[in-house]
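For reference, the structure discussed in these notes is given below.
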Amino acid sequence: MHLDRIDTLTFDVVGTLIDFETGILEWCRPWLRQHGRRVDDESILAAFAEAEDELQRQQPTMAFTSMLPHIQGALAARWEVDSDESSALDFRDSIRDWPAFADAVAGLRTLAERYRLVAVTNADRWAFERMSHTLGHPFAERVTCDEVGVNKPDPRVWSYVLEKLDAEAGQVLHCAQSRYHDLVSAQRFGLATAWIERRHGREGSGATPASIEQFSPDLHVHDLVQLVERLQAPAA
């Protein structure tokens, strides 16, 4: 990877910049307690990942935002908890309160001084606008699932991104935490990749479906602080 050619950073949003695992847990914990269920955090996250994986395989064009009510229904069925449309939609709408990672706002602000920042998300426009607000509206452009018509990891997403940005693959570094949704697919398409390993030091893949694909990123960091450091470091 030639860093001097990179002028655009594309970012996954959910899980990379927005701490969706905390958002999921903060909604699910009181819901489960209300129904007398005791489920540990990692089991909640793993169940979410399993439900999302199954749904995405069945409905590869469905936006992540639209998946959330179905995922909530799957979790309710798993733990034999009564669910209704109100609870399912409340779970979806909780995305407005999902927090940014502590390093995200400042890190994006710093990176925006040098690079064009572009959000590439499986969420829809509605959810993206709320997450962008949480992040301080750092993006010059955005690509959402309902705009493209398919979800990552479909390679048509990357083709659409390059066409929309009028960019060549060698100008773009895709930054993400999910190998399943983002990194393997982006690398196969010819993009440079930066793996932001948010779960570094923790077992399992959390709320992200696991990937068994072999993968070697161009950059491997644990957070945006390290990403900024690596991108600002002089070339060897």
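Position 1 is the first residue of the sequence; numbering continues from there. Below, each value reflects all heavy atoms present in this structure, side chains not excepted, and no hydrogens, waters or symmetry copies.
Contact detail for Phe139 and Ser132: the closest heavy-atom pair is CD1-OG, 4.3 Å. When all heavy atoms of Thr134 and Arg96 are compared, the closest pair comes out as OG1-O, 4.3 Å. Between Cys145 and Thr61, the shortest heavy-atom contact is SG-O, 3.7 Å. The minimum heavy-atom distance linking Ser216 with Gln187 is given by the pair O-NE2, 2.7 Å.
In this structure, Gln56 contributes its side chain and Lys152 its backbone to a donor-acceptor pair below 3.5 Å.
Residues Val157 and Val120 form a side-chain contact, since some pair of their non-hydrogen atoms from C-beta on lies under 4.5 Å apart. Using a 4.5 Å heavy-atom cutoff, the side chains of Trp126 and Asp93 are in contact. The closest side-chain heavy-atom distance from His222 to Ile196 is not below 4.5 Å. In this structure the side chain of Phe20 reaches within 4.5 angstrom of the side chain of Phe48, judged on heavy atoms.
Ring centroids of His35 and Trp79 are separated by 6.0 Å or more, keeping the two rings apart.
For the side chain to side chain contact (heavy atoms under 4.5 Å, CB included) test with Gln171, the passing option among Leu191, Asp166, Asp7 is Asp7; the others fail. Screening Asp19, Asp103, Asp223 against Arg198 for a salt bridge (Lys or Arg N to Asp or Glu O under 4.0 Å) leaves a single residue, Asp103.
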**OP:** Kindly indicate, with the supporting measurements, whether the criterion side-chain hydrogen bond (donor to acceptor under 3.5 Å, both in side chains) is fulfilled by Asp40 and Ser43.
**Re:** CA-CA 5 Å; Asp40 66 87; Ser43 294; 2.8 Å; yes
**OP:** Test His181 against Asn122 for side-chain hydrogen bond (donor to acceptor under 3.5 Å, both in side chains), laying out the working first.
**Re:** CA-CA 9 Å; His181 296 102; Asn122 282 353; 4.7 Å; no
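For residues 108-130, the salt bridge (Lys or Arg N to Asp or Glu O under 4.0 Å) pairs, not counting sequence neighbours, are Arg125-Asp146.
Within 6.0 Å of NE2 in His133 there are 12 or fewer heavy atoms belonging to other residues, nucleotides or ligands.
Under the 4.0 Å criterion applied to side-chain N and carboxylate O atoms, Arg188 and Glu213 are assigned as salt-bridge partners. The residues Arg202 and Glu197 are annotated as not salt-bridged, no charged nitrogen and carboxylate oxygen being separated by less than 4.0 angstrom. Checked for salt-bridge contact, Arg199 and Glu42 meet the test: a charged N lies under 4.0 Å from a carboxylate O.
Through side-chain heavy atoms spaced under 4.5 Å, either directly or across other Ile, Leu, Val, Met, Phe, Trp or Tyr residues, Trp195 is tied to Leu183, Val184, Phe215.
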